[in-house]
Amino acid sequence: MIGQILATLLPVFLIAGCGAAYGHFRTPDIRSLNTLNMELFVPLLVFAVLADRQAPLADYAWLATAAVAVVLGSGLLLWPVAKWLSLDVKVFLPPMMFNNSGNMGVPLLVLAFGPEALPAAVVVFIVEMLLHFSVGLYMLDPRTSLWRLLRMPIVAASIAGLVVNVGGLPLPGWLLEAMHTLGGVCIPLMLFALGVRLLEIDFSDWRTGLLGALLCPLSGIVIALPFMWLLPINPLQTAVLLVFAALPPAVLNYLVAEQYHLEPQKVASLVLIGNLGSLVVMPLTLAAAFAWIYAPT
């Protein structure tokens, strides 16, 4: 099991480390790279996975439901904590709710559980992204229009993929293969971009960052555990849900806080220290996930 955990985590942190090293010496235009990734490669991967009729989406309905509960439940669970500690809920709660399911989650889940975990990884990623750009933006500004959500390439790709899958529309194998190949670019690119982005933030509010590094995975796991036991999902999806629940805050929280002028430096500390904390949290979570999958029935 230790070998499996190392084989999963070392490529993740090595690729992110390469991004950090390259960003330190070359200062790449990571914003354009991320735009390309989120507008082309990620939507292609999402569409290809959802449109592939070999992965019936009905098999992932309960997993999607549990992922929604983890995201929203984390916010509800930590809201009184934020109030008790006199923290601004608009600053503290979004990083606790919206985790790194893209940059870290998708690559980590595929490396840990193999290509068969990709559909489940994409499902929880889509759930997190849709909630972030709907509920998350509404939390920051209730005047935010949902039209902004519908114009996102990843949302359009999700809707198109669902229509193709549910409608049973046949797509040529060569087309799906090309989309899978191009979409596969996004997985290492997410990790590389994560490494570059982490160079831009600091430890200016390390106390809040440490608190978030503890509460973000803890709240997610607390919400996920009942669903892992009660929902009719297979061991692989259960393991995916557990890892998803324990992921650190998404780097996107920092970018959104900067856009809305909501103490971006404090959010930066939450993101950075939370992701560094995953060096401890993820090995423990993966050990539990592997134990769940390989437990005798």
Side-chain angles (χ1 to χ4, degrees), residues 5 8-10 12-14 16-17 19-20 23-24 70-105 107-108 128 131-132 136 139-140 190-191 193-225 242-289:
I5 294 171
T8 299
L9 290 178
L10 288 179
V12 170
F13 292 112
L14 180 60
H24 177 73
V70 166
V71 174
L72 300 182
S74 296
L76 293 174
L77 186 64
L78 294 180
W79 184 83
V81 176
K83 285 293 187 181
W84 179 55
L85 296 175
S86 300
L87 297 171
D88 187 341
V89 294
K90 289 186 177 182
V91 173
F92 184 73
L93 288 187
M96 300 300 98
M97 297 169 61
F98 306 112
N99 61 29
N100 215 345
S101 59
N103 292 74
M104 183 179 289
L108 183 64
E128 187 273 330
L131 290 175
H132 200 164
M139 288 171 61
L140 301 182
M190 284 176 176
L191 290 175
L194 174 62
V196 177
R197 277 294 184 197
L198 290 179
L199 292 174
E200 300 178 3
I201 51 185
D202 56 38
F203 293 95
S204 60
D205 198 339
W206 62 270
R207 291 180 179 85
T208 304
L210 284 177
L211 180 66
L214 173 65
L215 292 181
C216 181
L218 181 61
S219 61
I221 291 172
V222 167
I223 298 296
L225 284 176
L242 178 61
V243 174
F244 170 74
L247 287 170
V251 179
L252 186 60
N253 288 292
Y254 168 61
L255 303 179
V256 172
E258 194 173 40
Q259 180 181 356
Y260 282 84
H261 308 291
L262 289 169
E263 299 187 71
Q265 289 305 117
K266 183 171 290 187
V267 176
S269 295
L270 286 166
V271 170
L272 174 59
I273 298 177
N275 278 270
L276 291 178
S278 67
L279 289 168
V280 176
V281 173
M282 280 298 114
L284 298 175
T285 304
L286 285 172

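These values consider heavy atoms only, across backbone and side chains, with no hydrogens, waters or symmetry-generated copies.
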- Message: Quick check: closest heavy atoms across Leu140 and Pro94, and the distance to 0.1 Å?
- Response: CD2-CG, 4.1 Å
- Run the side chain to side chain contact (heavy atoms under 4.5 Å, CB included) check on Leu76 and Ile223 step by step: do they pass? CA-CA 10 Å; Leu76 293 174; Ile223 298 296; over 6 Å; no
- Query: If you measure from CZ on Phe92 to OG on Ser86, what distance do you get to the nearest 0.5 Å?
  - Reply: 12.5 Å
- Rounded to the nearest 0.5 Å, the NZ atom of Lys266 sits from the CZ atom of Arg207 at a distance of 11.5 Å
- Task: Grab the two heavy atoms, one from Pro95 and one from Pro249, that are nearest each other, plus how far apart they are.
- Result: O-CB, 3.3 Å
- Taking atom OG of Ser278 and atom CG of Asn99, what is their separation to the nearest 0.5 Å? 11.5 Å
- Do you know which two heavy atoms are closest between Pro248 and Asn275, and how far apart they sit? CG-OD1, 3.4 Å
- Item | Sub-4.5 Å side-chain heavy-atom contact between Val91 and Thr208 | no
- Got a second to check how far Phe244's CZ is from Asn100's CG, nearest 0.5 Å? 11.0 Å
- Query: What are the two closest non-hydrogen atoms of Leu77 and Val81, and how far apart are they?
  - Reply: O-CG2, 4.1 Å
- Task: State, with a plain yes or no, whether a side-chain heavy atom of Met97 is found less than 4.5 Å away from one of Asn253.
- Result: no
- Minimum-distance pair of heavy atoms, taken over all atoms of Val71 and Phe98: CG1-CE2, 3.5 Å
- Determine the minimum heavy-atom distance between Met282 and Ala246, stating which atoms define it. CE-O, 3.2 Å
- Query: So how far is it from Leu211 CG to Cys216 SG, rounded to the nearest 0.5 Å?
  - Reply: 11.0 Å
- Message: So Pro217 and Thr285, do their side chains get closer than 4.5 Å, heavy atoms only?
- Response: no
- Message: Distance check, rounded to the nearest 0.5 Å: Leu108 atom CG versus Ser101 atom OG?
- Response: 11.5 Å
